[in-house]
Peer 1: 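Have a look at the structure that comes next, please.
Owing to the predicted nature of the structure, the values given are computational and were not obtained by experimental measurement.
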Amino acid sequence: MTKVNYLESAPEPPLTTNSVGTDQRRPAAELPLAGIRVVDLTVVWSGPGATALLGDLGAEVIRLEGNNRMSRQASARVTRESFRASGYHGGTYPDRTPEPRPYDRTALFAWHARNKLSACCNLETPEGRQAALDLLAVSDVLVENNSNGTLEKLGLGHELLLQHNPRLVIARMPPMGMTGPMSNYLGYGPNFNSLVGIAAMDGYEGEPPDSAGENYHMDEAAPAGLAFAVLAALWDRENTGSGGLIEFSQAEAVMAEVGEFVIDAQLNDRAPAIRGNTDPHLLQDVFETARDDRWVVLSIRDDRDWAALTDAMAGLGEPDPADRRVLTDGNSAEGRRLHSRRLRDEIARWVRTRTADQVVEQLQAVGVPAGEVMAEDRLLADEHLAAREWFVSRSHPAVGRHRFPGHPWRADGFDLAFGRPLPSFGEDNDYVYTEVLGYPAERYQDLKRRKLVTDEQFA
């Protein structure tokens, strides 16, 4: 494959003042994690999302990727015809076309691959295992979210790695932890959401659990928590001189986010209800507007919100006596709780006569929390996000020029990193093997000749 500089067609945009400060910002070399090297052995979402955050802070993140397995949620042999027949990853490629090099073109990989490097390394081979050991000996952090025991099978268990490099911070993300009767369970976010109780409360109102479809909340919750744990471990290393193991059970991390329901079960012997879009403390729901497939959500917190809403609804004309009685039922918190369904039906009738913009503008003007349920096309056109320059326009030969999601936060004094949007498979082989590892040219060329190091991923 011809070596391509993925930034040639995408020069860095000029710096603009961020929303929290106007002072001189630090260059990339002075970002908080500049000089920290992270080895990335992650897959799917939760692990790659965590290493993306570390890269945002300036760490050098090197993905070690085997060319003998599917490591980017896309097989090398996916074609337009094959995914049309199977539906697998349909629509996540530019123009719905996987070829060429589908593993460089998937949206799922692209969103979390910013700032990262890619080096081919088949860990199942002696040469690949030795390269990984050599790299980890000169690195600061290892992050992996494979099934429990995977590193041990590869001869890369954390105890061995810490013998080679006592300063290494090893962050492991087993779904159910490294010990206990469920520690070897295999699965993805939706499976473990069931085990930790989230699926029991996730569904449409009045329907069975999990009726709202797949929920990947465990994958969503893990990245920030893992990145924070790594920062804490690096800070501790500054004081102790030693690295160590971070055991980050993803199931336990996400279970902490539903803690009030666990406590409620103990205090009141009560299981959470399946509420759909509603809320146990507010009169709330999602309502369809006059335009097809445009929805709004609104919340009534107290009597003042209810009075403001009913005043807005009265603008359509005097309700008939039956409607007036229904609306009167909402004049108290107890009434809104007892008659929630009927009140929401009346609100739905009113919302359906108006556009999303009309509903949001009218209710926000009188202090009622309301907003549109924004689909991706609406987010891309959103004036607020545009004013804050949140989306980052970048170019990549495999996918073309697009806007990529921005960073989750901003800092006073420096911009977070956003280099090339994603690495081509094996793009950084030369740098990793010759500069970082210092392999002699003869050794490196031998690995390439034997296809142990390559820039092509095979299924």
Peer 1: Using a strict cut-off of less than 4.0 Å between a Lys/Arg side-chain nitrogen and an Asp/Glu carboxylate oxygen, indicate whether E372 and R294 qualify as a salt bridge.
Peer 2: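 Judged by the 4.0 Å cut-off on N to carboxylate O distance, E372 and R294 do form a salt bridge.
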Peer 1: Between the side chains of K153 and E124, is the shortest nitrogen-to-carboxylate-oxygen separation below 4.0 Å, so that they form an ion pair?
Peer 2: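 So E124 does not pair with K153 through a salt bridge.
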Peer 1: Sorted by first residue and then second, give each side chain to side chain donor-acceptor pair (under 3.5 Å) pair with at least one member in residues 222-240; sequence neighbours left out.
Peer 2: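 For residues 222-240: D140-R237.
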Peer 1: Yes or no on side chain to side chain contact (heavy atoms under 4.5 Å, CB included) for E152 and T150, after CA distance, side-chain angles and deciding distance?
Peer 2: CA-CA 5 Å; E152 284 72 18; T150 296; over 6 Å; no
Peer 1: Under the ring pair (Phe, Tyr, Trp, His ring centres under 6.0 Å) test, which residues partner F192, sequence neighbours left out?
Peer 2: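 Partners of F192 by the ring pair (Phe, Tyr, Trp, His ring centres under 6.0 Å) criterion come out as none, since no residue qualifies.
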Peer 1: Would you check if L437 and L135 make a side-chain contact, meaning some heavy-atom pair closer than 4.5 Å?
Peer 2: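 Result yes, sub-4.5 Å side-chain heavy-atom pair found.
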Peer 1: Apply side chain to side chain contact (heavy atoms under 4.5 Å, CB included) to R301 and list each qualifying residue two or more places apart in sequence or on a separate chain.
Peer 2: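 Per chain and number, R301 pairs via side chain to side chain contact (heavy atoms under 4.5 Å, CB included) with L282, R304, D305, P369.
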Peer 1: Measure the shortest side-chain to side-chain distance between L33 and L54 over non-hydrogen atoms and say whether it is less than 4.5 angstrom.
Peer 2: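 In contact.
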Peer 1: Applying side chain to side chain donor-acceptor pair (under 3.5 Å), can you list everything that pairs with N122, at least two apart in sequence or on another chain?
Peer 2: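 Checked N122 against side chain to side chain donor-acceptor pair (under 3.5 Å); matches are N67.
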Peer 1: Please collect all side chain to side chain donor-acceptor pair (under 3.5 Å) contacts where either partner lies in residues 185-196, sequence neighbours excluded, each pair once.
Peer 2: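 Pairs touching residues 185-196 that pass the test: N193-N215.
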Peer 1: Partners of Q250 by side chain to side chain donor-acceptor pair (under 3.5 Å), sequence neighbours excluded?
Peer 2: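 Side chain to side chain donor-acceptor pair (under 3.5 Å) check on Q250 returns S46.
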Peer 1: What residues form a side chain to side chain contact (heavy atoms under 4.5 Å, CB included) with T179, not counting sequence neighbours?
Peer 2: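 Applying side chain to side chain contact (heavy atoms under 4.5 Å, CB included) to T179 gives none.
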Peer 1: In plain terms, say whether R101 and E456 are close enough for a salt bridge, that is, a side-chain N and a carboxylate O under 4.0 Å apart.
Peer 2: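 Yes, this pair counts.
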Peer 1: Quick one: list whatever passes ring pair (Phe, Tyr, Trp, His ring centres under 6.0 Å) with F248, sequence neighbours left out.
Peer 2: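 Scan of F248 (ring pair (Phe, Tyr, Trp, His ring centres under 6.0 Å), adjacent residues dropped) gives none.
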Peer 1: Return the set of residues passing side chain to side chain donor-acceptor pair (under 3.5 Å) with T278 (not counting sequence neighbours), or none when no residue passes.
Peer 2: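 Testing T278 for side chain to side chain donor-acceptor pair (under 3.5 Å), a comparison that skips the adjacent residues, returns none.
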Peer 1: R275: which residues meet the side chain to side chain donor-acceptor pair (under 3.5 Å) condition with it, sequence neighbours left out?
Peer 2: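 Once residues adjacent in sequence are excluded, R275 has no partner under the side chain to side chain donor-acceptor pair (under 3.5 Å) criterion.
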Peer 1: Check this for me: does any side-chain nitrogen of one of R172 and E247 sit under 4.0 Å from a carboxylate oxygen of the other?
Peer 2: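 So R172 does not pair with E247 through a salt bridge.
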Peer 1: Go through the structure and list residues passing side chain to side chain contact (heavy atoms under 4.5 Å, CB included) with V43, not counting sequence neighbours.
Peer 2: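 Result, side chain to side chain contact (heavy atoms under 4.5 Å, CB included) vs V43: Q73, N145, N146.
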Peer 1: Got a sec, which residues hit side chain to side chain contact (heavy atoms under 4.5 Å, CB included) with I274, two or more places apart in sequence or on another chain?
Peer 2: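 Residues passing side chain to side chain contact (heavy atoms under 4.5 Å, CB included) with I274: P209.
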Peer 1: If you measure from the Lys or Arg side-chain nitrogens to the Asp or Glu carboxylate oxygens, is any gap between R420 and D428 under 4.0 Å?
Peer 2: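 A salt bridge is present here (some side-chain N lies under 4.0 Å from a carboxylate O).
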